[in-house]
2 protein chains.
Amino acid sequence: MLNRQEILHALRKYAPISRADLAKKTQLSRPCVSALVDEMIQEGLIHEIGIGDSTVGRKPILLEYNATAYLVMGALFDGNVLHMALADLKGELLCHEKKKLVSPISGETLIQELEEGLSRLLEQSQMTKEKMLGIGIGLPGITRKRDGTISYSPSTGWMDLPVQTDFEARLGLPVVIDNDVNMMTLGEYYKGIGIGVANQIYMYVGTGIGAGIILHHQFYRGSREAAGEIGYMIVGAIQPISKGEYGIFERNYSTPAIYAKARKILPHVCEETSVIRQLVHHAEQGNVQARHLLDEVYQHWAYGMVNMISLLDPDLLILSGEMVNIGEKGVQRIQHFLAEWVPMVPDLKLAALGEQAGMIGAVFSVLETFPMLTGQK
Amino acid sequence: MLNRQEILHALRKYAPISRADLAKKTQLSRPCVSALVDEMIQEGLIHEIGIGDSTVGRKPILLEYNATAYLVMGALFDGNVLHMALADLKGELLCHEKKKLVSPISGETLIQELEEGLSRLLEQSQMTKEKMLGIGIGLPGITRKRDGTISYSPSTGWMDLPVQTDFEARLGLPVVIDNDVNMMTLGEYYKGIGIGVANQIYMYVGTGIGAGIILHHQFYRGSREAAGEIGYMIVGAIQPISKGEYGIFERNYSTPAIYAKARKILPHVCEETSVIRQLVHHAEQGNVQARHLLDEVYQHWAYGMVNMISLLDPDLLILSGEMVNIGEKGVQRIQHFLAEWVPMVPDLKLAALGEQAGMIGAVFSVLETFPMLTGQK
DNA sequence: CCATTTGTTAGTTATATTAACTAACTGAAG
DNA sequence: CTTCAGTTAGTTAATATAACTAACAAATGG
């Protein structure tokens with residue numbers, strides 16, 4: 001069963017490719033490849049695409065991966081908008097939509113929206129539910145993927161819900177749930193700026209500050225699934241804290257915190273557009289206070305990064321959420337700060353997938369559970 | 001070949017155990033277990049130990065792992081003293097010795113000492129070199145295990161040496177090299193306070209500050225083998241830094257830094273005994289300045305831990321080096337600080353193996369490369 | 001028609017399985 | 001005390017699986 005995966009992996013990597021070449025790439029014998037390929041052709045996972053070219057000898061029969069043999073759905077709910085997509089086995093989106101839901105949103109509402117969304121997407125792409133493998137759903141708040149529950153979600157008020165089993169029962173399909181930032185991390189790893197990078201950290205700044213961690217090509221979640229809660233890091237000056245309150249980094253350098261700081265120095269701060277963008281604009285216009293605040297923010301974000309880099313020595317750090325608005329100039333500024341503090345500065349890149357990241361990650365959260373169909377290792 | 005490992009693993013875990021029970025534990029069939037066990041008995045890896053007891057039915061033939069079928073050597077050189085040990089396949093030390101080397105110490109000197117040490121240990125334990133699998137060597141400074149080289153070692157002045165191949169050529173045995181703190185981490189994981197814990201961080205404070213990281217039961221080294229270089233973390237007040245100089249945490253809260261701080265407030269600081277021990281002593285005697293300095297140190301160590309915990313959410317944090325001198329009271333004080341900043345405080349324990357940790361870790365660095373003999377997964 | 005490459009067929013090997021057996025032992029009925 | 005049913009341990013034999021090698025047929029260019 002493992003060699004099937006191996007063959008699929010090579011097939012996807014080098015497609016279109018012949019059986020003989022597959023044998024060379026996988027180190028398996030030609031008969032073995034032939035047999036397994038035939039099996040998978042029967043199952044519809046592989047197609048013969050035509051005859052290839054060669055200078056001498058019999059011409060090869062080229063094979064191709066049939067990514068639409070099965071489908072998955074990926075969804076991301078950010079507490080407000082529900083993104084949904086249908087994707088093939090390569091994680092390529094066939095079609096997608098987004099829908100703003102009106103509060104208050106119960107679990108029941110969400111399930112219904114997912115159900116209806118799935119129907120619409122299937123119809124749109126002219127596919128049937130029989131081909132569906134499962135649905136991945138990214139949710140805001142604290143989730144526990146292992147037991148499929150949501151511990152707490154501030155935006156919806158949900159607490160301790162067995163979301164996965166509830167959804168599976170209603171949707172009639174395997175469901176994978178995870179935290180929204182984790183899904184986005186996965187998205188960038190498989191389809192975005194982090195493709196193929198073994199050790200990477202996805203840093204997200206929004207209402208909160210969090211990180212998704214991929215080590216040795218695997219998502220790292222920690223012992224209590226609390227890894228990446230870098231909002232708790234001690235960055236900048238120590239401040240008095242009241243009992244049970246946490247998150248000094250988050251409290252000072254998340255989006256709301258920066259808004260508060262900006263309001264003190266700028267006359268008109270618009271709540272609708274990115275603070276960082278506004279600060280960058282004013283700084284470029286010559287506003288010294290804005291430039292200073294921006295530098296303070298960059299610097300403290302960099303401090304957080306220094307802590308992560310020195311501990312984990314990753315290849316890549318992906319900046320997302322509010323951070324995507326700093327532009328290439330901002331990236332260079334931060335890179336400059338990093339070089340002051342650590343000798344090994346990793347690649348620093350802006351997230352590439354925008355609002356689709358989480359939805360795409362959700363697609364892959366399902367595909368990851370079917371390596372024998374996708375050829376993922 | 002993988003089932004052999006599985007059987008050995010179960011055998012070591014449940015020994016003494018019969019073939020029938022092994023089949024149950026490993027989910028393999030009884031004939032398969034019988035065949036593989038017979039093989040391994042032929043090779044001397046397993047022994048029949050005698051007849052077991054049972055209420056009904058035929059009595060089982062109990063099997064035991066023969067840990068002395070092969071041997072490994074573990075060594076740790078801390079820049080000053082060379083610790084050497086001979087160990088069996090369980091990592092149990094058969095005999096060990098330590099020897100102070102006199103500076104300057106060349107690679108040649110070290111090889112010679114290792115060679116002579118090995119001879120002495122073999123003689124002492126009445127074993128032969130034929131049973132040796134390899135030698136693990138922990139070295140101070142920056143090592144690259146992957147290519148077996150040492151990049152820089154301040155205490156000996158070595159730079160860019162292909163230590164592994166040099167040693168292998170001379171000693172005639174496979175050699176595994178690694179950084180001293182990494183070896184200690186491994187030691188505590190396999191034989192010390194961290195046995196069986198999936199996610200743990202070994203924090204070492206000495207001349208420098210460093211950490212060994214074990215995630216999912218595997219050592220994590222980072223992309224450039226620089227993971228755990230937490231001396232670079234930004235802990236406490238930001239300080240001006242000159243170009244190419246790194247390590248704010250290390251500069252302020254490593255052993256030498258604490259000595260410097262202590263000298264300012266205490267009349268007689270002894271360079272020979274632990275600063276922390278001296279500070280604890282004076283604090284207990286009622287010296288307020290000492291108590292304050294101690295608290296400052298504990299607090300800043302805790303800040304560093306907060307950063308690691310929030311990022312990695314480990315089960316366990318092991319305190320070693322200078323930190324072992326804080327005692328249970330110190331541990332509680334730090335735990336108190338941690339609880340102020342993060343909701344998920346992991347176990348916090350003092351390292352258990354003392355100066356033997358590195359040597360034992362070195363033993364396991366070799367054993368890890370022979371899972372088919374040790375049953376390690 | 002020969003050299004060369006692709007793909008298949010046939011037979012082999014390695015490693016597991018299941019089913020059925022022998023071995024060894026307990027305990028209770030006769 | 002003997003005997004035999006019931007139980008557990010370990011082995012043997014036949015079978016299944018999944019790979020391999022060797023040999024060959026198909027296809028093609030020179």
Side-chain angles (χ1 to χ4, degrees), chain A residues 1-11 13-66 371-373 375 377, chain B residues 1-43 45-66 371-373 375 377:
Chain A
M1 223 54 188
L2 218 94
N3 284 341
R4 270 180 62 131
Q5 228 180 98
E6 213 64 41
I7 288 174
L8 275 176
H9 181 80
L11 180 66
K13 194 166 174 187
Y14 303 106
I17 187 175
S18 67
R19 289 169 175 80
D21 281 346
L22 273 178
K24 278 173 201 156
K25 296 288 182 193
T26 58
Q27 310 270 37
L28 291 166
S29 64
R30 282 186 325 224
C32 179
V33 170
S34 272
L36 291 172
V37 162
D38 288 354
E39 250 180 52
M40 291 191 277
I41 286 177
Q42 286 300 315
E43 292 168 30
L45 266 176
I46 295 181
H47 280 155
E48 291 190 342
I49 190 104
I51 305 295
D53 220 7
S54 68
T55 50
V56 292
R58 172 172 173 180
K59 295 196 170 162
I61 304 167
L62 295 180
L63 299 166
E64 207 180 42
Y65 182 61
N66 177 25
M372 70 297 292
L373 297 180
K377 290 189 193 176
Chain B
M1 222 56 186
L2 218 94
N3 284 342
R4 272 180 61 130
Q5 225 179 100
E6 214 63 40
I7 288 174
L8 275 176
H9 181 80
L11 180 67
R12 283 188 47 177
K13 194 166 176 186
Y14 304 106
I17 186 175
S18 67
R19 289 171 177 79
D21 282 346
L22 273 178
K24 279 174 200 156
K25 296 288 184 194
T26 59
Q27 310 271 37
L28 291 167
S29 63
R30 280 184 326 211
C32 179
V33 170
S34 273
L36 292 172
V37 161
D38 288 353
E39 249 181 51
M40 291 190 278
I41 286 178
Q42 285 299 316
E43 292 167 30
L45 266 176
I46 296 181
H47 279 155
E48 290 191 343
I49 189 101
I51 305 295
D53 220 6
S54 68
T55 49
V56 292
R58 172 172 172 180
K59 296 197 165 158
I61 304 167
L62 295 180
L63 299 167
E64 208 180 42
Y65 182 60
N66 177 25
M372 71 296 294
L373 298 180
K377 289 189 191 178

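Letters go in sequence order (proteins before strands), and every chain restarts at 1.
Side-chain contact between B/Glu48 and B/Leu62 is absent, with no heavy atoms from C-beta onward closer than 4.5 Å. Between B/Ile46 and B/Asn66 there is no side-chain heavy-atom pair separated by less than 4.5 Å. Taking 4.5 Å as the limit, some side-chain heavy atom of A/Glu43 sits within range of a side-chain heavy atom of A/Arg4.
Here the P atom of nucleotide D/dG29 and the CD1 atom of A/Ile51 are 12 Å apart, to the nearest Å. Between the CD1 atom of A/Ile61 and the P atom of D/dA26 there is a distance of 14 Å, rounded to whole Å. If you take CD1 of A/Ile17 and P of C/dT6, they are 11 Å apart, rounded to a whole angstrom. Note: NZ (B/Lys59) to P (C/dC25) measures 6 Å, nearest angstrom.
For the pair B/Ser54 and D/dT8, the criterion of a side-chain N or O lying under 4.0 Å from OP1 or OP2 is not met.
With sequence neighbours left out, B/Asn3 forms a side chain to side chain donor-acceptor pair (under 3.5 Å) with no residue at all.
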Original post:
Which letter, B, S or -, goes with each nucleotide of nucleotides 10-17 of chain C from 5' to 3', with contact meaning a protein heavy atom under 4.0 Å?
Top reply: ------SB
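For a distance-only test at 3.5 Å, the side chain of B/Arg58 fails to qualify as a donor-acceptor partner of the base of D/dT8.
To the nearest 0.5 Å, atoms CG (B/Asp21) and CZ (B/Arg19) are separated by 12.0 Å. Rounding to the nearest 0.5 angstrom, the gap separating the CG atom in A/Leu45 from the CE atom in A/Met372 is 10.5 Å.
Heavy-atom distances under 4.0 Å link DNA chain C to no residue of residues 6-15 of chain B.
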**OP:** For the pair A/Lys25 and A/Glu6, evaluate salt bridge (Lys or Arg N to Asp or Glu O under 4.0 Å) and give the outcome as yes or no after the intermediate values.
**Re:** CA-CA 9 Å; A/Lys25 296 288 182 193; A/Glu6 213 64 41; over 6 Å; no
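Ion pairing between B/Glu64 and B/Arg12 fails under the 4.0 Å rule for side-chain N and carboxylate O.
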